[in-house]
Amino acid sequence: MPLVPAARLLQHAQQNSYAVPGFNFHNMVDLQAIISAAEAEEAPVILMATEDTIRFVGFDYIQGLAAAAAKGSSIPFALHLDHGRDLDNIVKGIRHGFTSVMFDGSRLPFDENIRLTSWVSDVAHRAGVSVEAELGQIPGHEDNVSVSEKEAGMTDPALVAEFVEKTKVDALAVAIGTAHGLYKAEPKLDFDRLEAIRKETTVPLVLHGGTGVPDAAVKKAISLGICKMNVGTDLRLAYMTSIRTTLEEQEVRDPRVLLRIAREAVIEVARGKIRLCGASHQAGKI
Ligand code: 13P
């Protein structure tokens with residue numbers, strides 16, 4: 001199945017009250033794991049590369065890997081540039097087969113965030129590519145994006161309608177109490193804020209920082225309008241823990257042995273997140 005724009009997946013999720021998991025990948029092994037998990041669960045997924053991953057893997061390799069995945073797979077999935085801050089990278093992503101791009105202007109003044117996000121929407125939409133933006137600032141560390149607790153700010157519902165209307169984005173990342181990376185204490189999500197945001201717009205809403213959010217909170221957030229949940233750290237932990245444990249327990253001389261075990265570990269965690277999002281068995285209905 002060819003890659004699809006994320007907007008198509010998110011609209012289906014919104015109409016059917018589930019969320020599409022957006023999974024960060026870092027190389028071929030975890031990309032394959034995400035696709036295998038999606039196939040096993042018959043679920044749509046969004047493969048996400050940050051600018052750090054793009055620097056590590058390269059646009060051409062990512063394009064080739066996604067094309068190979070699409071050729072061999074029957075599930076609909078999107079290739080998304082996560083937290084793009086460099087406009088040059090966003091344009092290159094569009095030229096290299098990404099079907100969705102996020103412009104993260106969350107650290108910019110409101111009007112500047114609108115101006116640059118609108119520019120990205122204009123360029124991306126002409127190529128049939130979906131756009132995600134961020135309003136408010138999500139704290140924590142995600143590759144090249146680091147936001148301290150002090151800088152972070154929750155999304156102001158009063159700004160949402162104007163932002164979405166002027167930028168014409170297909171999805172909006174909201175800051176409602178989640179953070180990138182591992183939590184020091186259980187996160188408390190501001191559901192009243194999410195409800196207030198939902199009243200201001202019908203655009204699909206995105207929850208970043210999916211790692212470590214209690215299952216009940218994820219389900220409630222989905223019931224209140226979250227249509228995409230981003231997960232990075234949990235997959236990375238599964239990958240690295242598997243490698244460390246295997247090396248401690250076995251004398252492995254073949255990287256394929258090590259990486260095959262790591263891939264299985266990532267598949268297990270990704271399948272659990274897909275089920276949590278309610279995305280299982282939705283692929284055939286899109
Ligand atoms: P986690 O790494 O906390 O799961 O967050 C991922 C994310 O939000 C990517 O944009």
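One-based numbering along the sequence shown. Both counts, for ligands and for their atoms, begin at 1 and track the order of listing.
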Mind listing the N or O contacts between ligand 1 and protein, cut-off under 3.5 Å?
{"from": "ligand 1", "atom 1": "2 (O)", "to": "Glu142", "atom 2": "OE1", "distance (Å)": "3.1"}
{"from": "ligand 1", "atom 1": "2 (O)", "to": "Thr233", "atom 2": "N", "distance (Å)": "2.8"}
{"from": "ligand 1", "atom 1": "2 (O)", "to": "Thr233", "atom 2": "OG1", "distance (Å)": "2.6"}
{"from": "ligand 1", "atom 1": "3 (O)", "to": "Gly181", "atom 2": "N", "distance (Å)": "2.8"}
{"from": "ligand 1", "atom 1": "4 (O)", "to": "Thr211", "atom 2": "N", "distance (Å)": "3.2"}
{"from": "ligand 1", "atom 1": "4 (O)", "to": "Thr211", "atom 2": "OG1", "distance (Å)": "2.6"}
{"from": "ligand 1", "atom 1": "4 (O)", "to": "Gly232", "atom 2": "N", "distance (Å)": "2.9"}
{"from": "ligand 1", "atom 1": "4 (O)", "to": "Thr233", "atom 2": "N", "distance (Å)": "3.4"}
{"from": "ligand 1", "atom 1": "5 (O)", "to": "Gly209", "atom 2": "N", "distance (Å)": "3.4"}
{"from": "ligand 1", "atom 1": "8 (O)", "to": "His180", "atom 2": "NE2", "distance (Å)": "3.2"}
{"from": "ligand 1", "atom 1": "8 (O)", "to": "His208", "atom 2": "ND1", "distance (Å)": "3.4"}
{"from": "ligand 1", "atom 1": "8 (O)", "to": "Gly209", "atom 2": "N", "distance (Å)": "2.8"}
{"from": "ligand 1", "atom 1": "10 (O)", "to": "Asp82", "atom 2": "OD1", "distance (Å)": "3.2"}
{"from": "ligand 1", "atom 1": "10 (O)", "to": "Asp82", "atom 2": "OD2", "distance (Å)": "2.7"}
{"from": "ligand 1", "atom 1": "10 (O)", "to": "His83", "atom 2": "NE2", "distance (Å)": "3.3"}
{"from": "ligand 1", "atom 1": "10 (O)", "to": "His208", "atom 2": "ND1", "distance (Å)": "3.0"}
{"from": "ligand 1", "atom 1": "10 (O)", "to": "Asn230", "atom 2": "ND2", "distance (Å)": "3.1"}

- Return the orientation label for the Phe59 and His96 ring planes: parallel under 30°, perpendicular over 60°, tilted otherwise.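 It falls in the parallel class, under 30°.
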- Could you pull out the closest heavy-atom pair between Lys168 and Ser121, with the gap in Å?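 Smallest heavy-atom distance, with atoms named: O-OG, 3.7 Å.
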Indicate every side-chain donor-acceptor pair of residues 21-35 with a distance under 3.5 Å to a residue at least two apart or in another chain.
{"from": "Asn24", "atom 1": "ND2", "to": "Asp82", "atom 2": "OD2", "distance (Å)": "3.0"}
{"from": "His26", "atom 1": "ND1", "to": "Asp30", "atom 2": "OD2", "distance (Å)": "2.8"}
{"from": "His26", "atom 1": "NE2", "to": "Arg236", "atom 2": "NH1", "distance (Å)": "3.3"}
{"from": "Asn27", "atom 1": "OD1", "to": "Val29", "atom 2": "N", "distance (Å)": "2.9"}
{"from": "Asn27", "atom 1": "OD1", "to": "Asp30", "atom 2": "N", "distance (Å)": "3.0"}
{"from": "Asn27", "atom 1": "ND2", "to": "Tyr239", "atom 2": "OH", "distance (Å)": "3.0"}
{"from": "Asp30", "atom 1": "OD1", "to": "His26", "atom 2": "N", "distance (Å)": "3.0"}
{"from": "Asp30", "atom 1": "OD1", "to": "Asn27", "atom 2": "N", "distance (Å)": "2.9"}
{"from": "Asp30", "atom 1": "OD2", "to": "His26", "atom 2": "N", "distance (Å)": "3.0"}
{"from": "Gln32", "atom 1": "OE1", "to": "Arg263", "atom 2": "NH1", "distance (Å)": "2.5"}

- Given Glu39, Glu41, Glu42, Glu264, the one that forms salt bridge (charged side-chain N to carboxylate O under 4.0 Å, His left out) with Arg271: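 So, applying the salt bridge (charged side-chain N to carboxylate O under 4.0 Å, His left out) to Arg271 and each of Glu39, Glu41, Glu42, Glu264, only Glu41 qualifies.
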- Item | Side chain Thr178, main chain His208, donor-acceptor under 3.5 Å |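 Yes, the answer is positive, given that a donor and an acceptor are paired below the 3.5 Å cut-off.
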- Among the clusters formed by ILVMFWY side chains lying less than 4.5 Å apart, do Leu79 and Leu81 turn up in the same one?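 Same cluster: Leu79 reaches Leu81 through Ile, Leu, Val, Met, Phe, Trp or Tyr contacts under 4.5 Å.
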